[in-house]
Number of protein chains: 2
Amino acid sequence: MSSDGPKQALFAGFAELAKALAHGHRLEILEVLAQGERSVEVLAGRIGLPVANVSQHLRLMRRAGLLASRRSGKHVFYRPSDPAVLELTAALRRVAERNSSEVREVIGGYFRARDSFEPVSRKELMRRLKDDSATVLDVRPDDEFAAGHLPGAVNIPLRDLERRLRELPRSREIVAYCRGPWCVLAFEAVALLRRRGLKARRLEDGFPEWKQSGLPTA
Amino acid sequence: MSSDGPKQALFAGFAELAKALAHGHRLEILEVLAQGERSVEVLAGRIGLPVANVSQHLRLMRRAGLLASRRSGKHVFYRPSDPAVLELTAALRRVAERNSSEVREVIGGYFRARDSFEPVSRKELMRRLKDDSATVLDVRPDDEFAAGHLPGAVNIPLRDLERRLRELPRSREIVAYCRGPWCVLAFEAVALLRRRGLKARRLEDGFPEWKQSGLPTA
DNA sequence: CGATCATTCAATATAATGATTGAGTAAGAG
DNA sequence: CTCTTACTCAATCATTATATTGAATGATCG
């Protein structure tokens with residue numbers, strides 16, 4: 001795995017870590033785990049892959065040092081081994097947004113169309129929470145909501161949003177969020193709400209970023 | 001390259017970027033390029049690989065968005081496309097230092113032995129530059145020194161250090177630095193200087209980090 | 001223009017990675 | 001103790017990555 005000198009050995013070690021990140025499914029797994037620890041089975045269901053395959057990816061990431069796991073009864077729960085792991089994925093995202101033509105294309109094509117208005121910053125949302133001038137909507141699945149969410153947030157998973165529209169105020173502005181800056185759920189939610197005539201905007205990123213920036217959670 | 005939804009397309013794009021980082025030689029190339037732009041040939045010589053091989057790696061990284069290039073006469077010069085790229089490699093390093101057992105082993109085995117005293121922080125070095133209580137030693141090759149260095153630094157490439165020892169003061173403390181936090185050159189330099197009875201310590205990281213933190217350069 | 005130099009491209013062999021399948025293991029339930 | 005559940009491991013095959021070689025391109029210089 002390592003060549004001769006300590007220099008090469010170090011770079012090989014860094015490269016191992018990067019390899020562990022270098023797969024779409026693994027990044028997707030990491031995004032879900034950023035919401036809170038999960039069992040292999042739940043993860044597999046969430047991202048639509050066979051359990052054995054997810055188990056392989058998890059093992060690889062654990063070996064590389066990205067993940068930690070604990071056993072509780074029949075279940076094994078995985079989680080990011082370190083907050084620095086989330087900073088690493090954030091750094092990856094930032095570079096990709098700005099410098100990867102493929103990524104910029106997707107952003108320009110899909111996301112831009114659904115987000116004609118500016119997203120709400122964390123700071124601005126904090127202000128609006130204080131003077132109670134916005135309804136915060138969490139569109140993640142309920143188990144992720146249960147593992148932690150923004151203070152005062154209402155949880156309506158995206159798949160239920162259409163038939164539970166009446167639970168939302170028509171006059172107040174709604175701020176939707178989900179797993180992270182490019183999580184599709186919040187984009188879809190905002191688009192749906194606007195089509196139905198509600199005032200909706202999107203939080204600039206998701207729950208993990210909110211939590212990591214030290215803001216209060218529930 | 002991308003599967004169905006925009007979500008998968010995005011993750012695939014992020015993964016492409018991570019793949020471009022996921023090779024020891026490519027990280028080594030990036031470390032050199034972090035010092036300043038370089039031609040393919042010089043790079044190949046610096047890290048000891050065939051030119052064609054380096055060219056392949058460079059093309060791959062440029063396509064992924066990590067690098068930019070410009071042609072000048074017969075030479076093509078490559079450089080990191082964005083300061084965020086260096087932040088990304090720094091994030092990778094941080095996670096590896098703390099969570100990769102392989103990396104921790106190399107650090108514990110090789111580097112720790114050569115660095116029994118604490119490294120000097122950028123802040124501390126700034127203070128000591130102001131009251132002129134330390135000699136700053138840049139042990140990188142002269143072309144990297146020429147492309148930018150710490151103010152007042154003396155350049156003695158590591159390979160010349162032994163025979164140019166008399167150029168260094170025996171009474172003042174010497175602070176050595178090179179390309180980055182785990183660059184071997186500075187470690188070796190400090191070890192050599194101490195063996196010869198000089199007072200030497202290592203800067204906590206290298207020139208790119210100094211520059212990126214906004215401190216003055218020459 | 002032809003020679004030379006720096007770089008890239010194309011072709012190839014070798015090696016590593018990823019998904020799938022089915023068997024294996026650990027913990028709890030009955 | 002056996003059965004079920006949740007996960008991991010091992011083996012396979014298809015795909016993709018890497019290094020090497022030699023040929024092709026692009027730019028300068030005599």
Side-chain angles (χ1 to χ4, degrees), chain A residues 1-4 8 11-13 15-30 32-33 37-64 66-79 102 143, chain B residues 1-4 8 11-13 15-30 32-33 37-64 66-79 102 143:
Chain A
M1 199 61 67
S2 63
S3 59
D4 50 334
Q8 276 72 19
F11 280 120
E16 279 306 303
L17 240 204
K19 259 185 220 169
L21 286 175
H23 194 287
H25 291 156
R26 290 199 285 271
L27 292 171
E28 213 173 335
I29 289 172
L30 222 37
V32 176
L33 292 182
E37 62 173 16
R38 288 286 173 279
S39 71
V40 181
E41 201 185 21
V42 169
L43 265 174
R46 187 78 21 112
I47 67 180
L49 285 179
V51 173
N53 191 359
V54 171
S55 176
Q56 306 270 45
H57 285 304
L58 291 169
R59 181 174 63 107
L60 195 154
M61 287 195 276
R62 189 183 45 195
R63 284 200 178 174
L66 287 174
L67 300 181
S69 64
R70 80 184 167 87
R71 177 152 214 144
S72 168
K74 290 199 254 190
H75 297 264
V76 177
F77 292 93
Y78 282 85
R79 63 180 182 282
E102 297 174 30
D143 62 323
Chain B
M1 200 57 69
S2 63
S3 61
D4 49 335
Q8 276 72 21
F11 280 120
E16 278 307 302
L17 240 204
K19 257 183 221 168
L21 286 175
H23 194 287
H25 291 155
R26 289 198 287 271
L27 292 172
E28 212 173 334
I29 288 172
L30 263 180
V32 176
L33 293 182
E37 64 172 16
R38 287 286 173 278
S39 71
V40 181
E41 199 184 23
V42 168
L43 264 174
R46 187 78 21 111
I47 68 181
L49 284 178
V51 173
N53 191 358
V54 172
S55 176
Q56 306 270 45
H57 285 304
L58 290 169
R59 181 173 64 107
L60 195 154
M61 288 194 276
R62 189 184 44 194
R63 283 200 178 172
L66 286 174
L67 300 182
S69 64
R70 80 184 169 87
R71 176 151 215 147
S72 169
K74 291 199 250 189
H75 297 264
V76 177
F77 292 92
Y78 283 86
R79 62 179 182 282
E102 296 175 31
D143 62 323

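The analysis underlying the following values was restricted to heavy atoms, covering all of them including side chains, and did not include hydrogens, waters or symmetry mates. Letters go in sequence order (proteins before strands), and every chain restarts at 1. It should be emphasised that the depicted structure is a prediction, and the values quoted were computed from it without experimental measurement.
The residue A:Y78 sits close only to the backbone: its heavy atoms come under 4.0 Å of sugar-phosphate atoms, none of a base.
B:L67 contributes atom CG, which lies 8.0 Å from atom CD1 of B:I29 (distance to the nearest 0.5 angstrom). Note that CG of B:L30 and NE2 of B:H57 are 11.5 Å apart. Values are rounded to the nearest 0.5 Å.
Considering only side-chain N and O atoms, A:K19 lies under 4.0 angstrom from the phosphate OP1 or OP2 of C:dT17. Side-chain nitrogen and oxygen atoms of A:H57 include none within less than 4.0 Å of the OP1 or OP2 phosphate oxygen of C:dT20. Between A:S55 and D:dT8 there is a side-chain polar atom (N or O) within less than 4.0 angstrom of OP1 or OP2. Between B:R59 and C:dC9 there is a side-chain N or O to OP1 or OP2 distance below 4.0 Å. At the phosphate of D:dA6, neither OP1 nor OP2 sits under 4.0 Å from any side-chain N or O atom of A:S39. Contact check, B:H23 against D:dA19: a side-chain N or O comes under 4.0 Å of OP1 or OP2. One finds a side-chain N or O of A:H75 lying less than 4.0 angstrom from the OP1 or OP2 phosphate oxygen of D:dC7. Contact between the side-chain N/O atoms of A:R71 and the OP1/OP2 oxygens of D:dA6 is not found at any separation under 4.0 Å.
Distance B:N53 CG to D:dA17 P: 15 Å, rounded to the nearest Å. Between the C1' atom of C:dC9 and the CZ atom of B:R62 lies a distance of 12 Å, rounded to the nearest Å. Going from atom CG of A:L58 over to atom C1' of D:dC7 covers 10 Å, rounded to whole Å. Atom NZ of A:K74 and atom P of C:dA29 are 7 Å apart (whole Å). D:dC7 atom P lies 13 Å from atom CD1 of A:I29, rounded to whole Å. Distance CZ (B:R63) to P (D:dT18): 14 Å, rounded to an integer number of Å. Atom CZ of A:R70 and atom C1' of D:dC7 are 15 Å apart (whole Å). B:L60 places its CG atom 9 Å from the C1' atom of D:dA17, with the value rounded to the nearest Å.
Scanning all heavy atoms of the two residues, the minimum distance from A:A18 to B:A22 falls at CB-CA, 3.7 Å.
The main-chain N or O of B:V40 is never found under 3.5 Å from a side-chain atom of B:R38 such that the two would form a donor-acceptor pair. A donor-acceptor pair under 3.5 Å is absent between the side-chain atoms of A:R26 and the main chain of A:E28, judged by distance alone.
Both A:S72 and A:A52 lie close to DNA chain C; mapped to their nearest nucleotides by heavy-atom distance, the more 5′-ward contact belongs to A:A52. The 5' end of DNA chain C is approached more closely, in terms of each residue's nearest nucleotide, by B:V51 than by the other of A:L49 and B:V51.
A donor N or O paired with an acceptor N or O is found under 3.5 Å between the base of D:dT20 and the side-chain atoms of B:Q56.
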